[in-house]
Amino acid sequence: AQSVTQLDSHVSVSEGTPVLLRCNYSSSYSPSLFWYVQHPNKGLQLLLKYTSAATLVKGINGFEAEFKKSETSFHLTKPSAHMSDAAEYFCVVTRASGNTPLVFGKGTRLSVIA
Amino acid sequence: GAVVSQHPSWVICKSGTSVKIECRSLDFQATTMFWYRQFPKQSLMLMATSNEGSKATYEQGVEKDKFLINHASLTLSTLTVTSAHPEDSSFYICSARGGNNAGTRNSPLHFGNGTRLTVT
């Protein structure tokens, strides 16, 4: 079964410093992977997606992620954190081929300190 | 871009009553929608897959008689929480795929803004 593991439940960084949110995946086929962000009491917003094209994926708000098959990783990075980046981040994999639901990681809460 | 609208955004109901949550795809047709539940400080858990014109597919452990799903049109799916109990209090989120390659796993899901249900 497809799954993702987010290695950190909480990450805290200072404003202006780099962000690294780690995610490892498990999949029996070539996966589609996504990162979503959820601000408090809000819905989910897609940051970026990997669908077997370029391994380095650029998303919105300066975020990017690199798909590394050898490491089964899809870590999310940003060069410089803003206060507005404070939120919950979910690494997500599709459960199977076709129009199937997403399987969510447990989430990583990002705190940004002024 | 594709938008999914969810209504209401929050609802408070008394124990034993039923609550209906609507999920609409605003600018695309969605033959399949997904319903998730999120407890405080936890991740999203899939409850069921809603299929237009047919019965929903429920995840293991989700009571189909308690969480009634109706997907009567290509743009609307509803989730009804019947005989609600305080333990049903949660954040319910619907989603659907839209845009190019909507029928494939490569297209991302678009999410509604969620419904916060509080059962007193």
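We name chains A, B, ... by the order of the sequence lines, and we start the count at 1 in each one.
Hydrophobic clustering places A/Leu47 together with A/Leu110 (ILVMFWY residues linked when any side-chain heavy atoms are closer than 4.5 Å, directly or through intermediates). Linking ILVMFWY side-chain heavy atoms closer than 4.5 Å, directly or via other members, places B/Val19 and B/Leu68 in two distinct hydrophobic clusters. Following chains of ILVMFWY side-chain contacts shorter than 4.5 Å, one can reach A/Phe63 starting from A/Val4, so the two form part of one hydrophobic cluster. Hydrophobic clustering keeps B/Ile21 apart from B/Ile12 (ILVMFWY residues linked when any side-chain heavy atoms are closer than 4.5 Å, directly or through intermediates).
Annotation for A/Lys69: atom NZ does not count as buried by contact number, only 12 or fewer foreign heavy atoms lying within 6.0 Å. Environment of NE2 in A/His39: crowded, with over 12 heavy atoms of neighbouring residues, nucleotides or ligands closer than 6.0 Å.
Taking CZ of A/Phe104 as the start and CD of B/Gln42 as the end, the distance is 14.0 Å to the nearest 0.5 Å. Distance check, rounded to the nearest 0.5 Å: CZ of B/Phe111 to CD of A/Gln38 gives 9.5 Å. Between the CG atom of A/Leu46 and the NE2 atom of B/His110 there is a distance of 8.0 Å, given to the nearest 0.5 Å.
Using a 4.5 Å heavy-atom cutoff, the side chains of A/Leu102 and B/Tyr36 are in contact.
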Stepwise side-chain contact (heavy atoms from CB on, under 4.5 Å) test for A/Glu88 and B/Lys41: CA-CA 9 Å; A/Glu88 190 83 18; B/Lys41 300 187 184 302; over 6 Å; no
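In this structure, the portions of B/Leu44 lying under 4.5 Å from any heavy atom of chain A include both its backbone and its side chain. There is no contact between B/Gln6 and chain A, counting heavy-atom distances below 4.5 Å.
At distances below 3.5 Å, at least one donor-acceptor pair connects side-chain atoms of B/Ser43 with backbone N or O atoms of A/Gly105.
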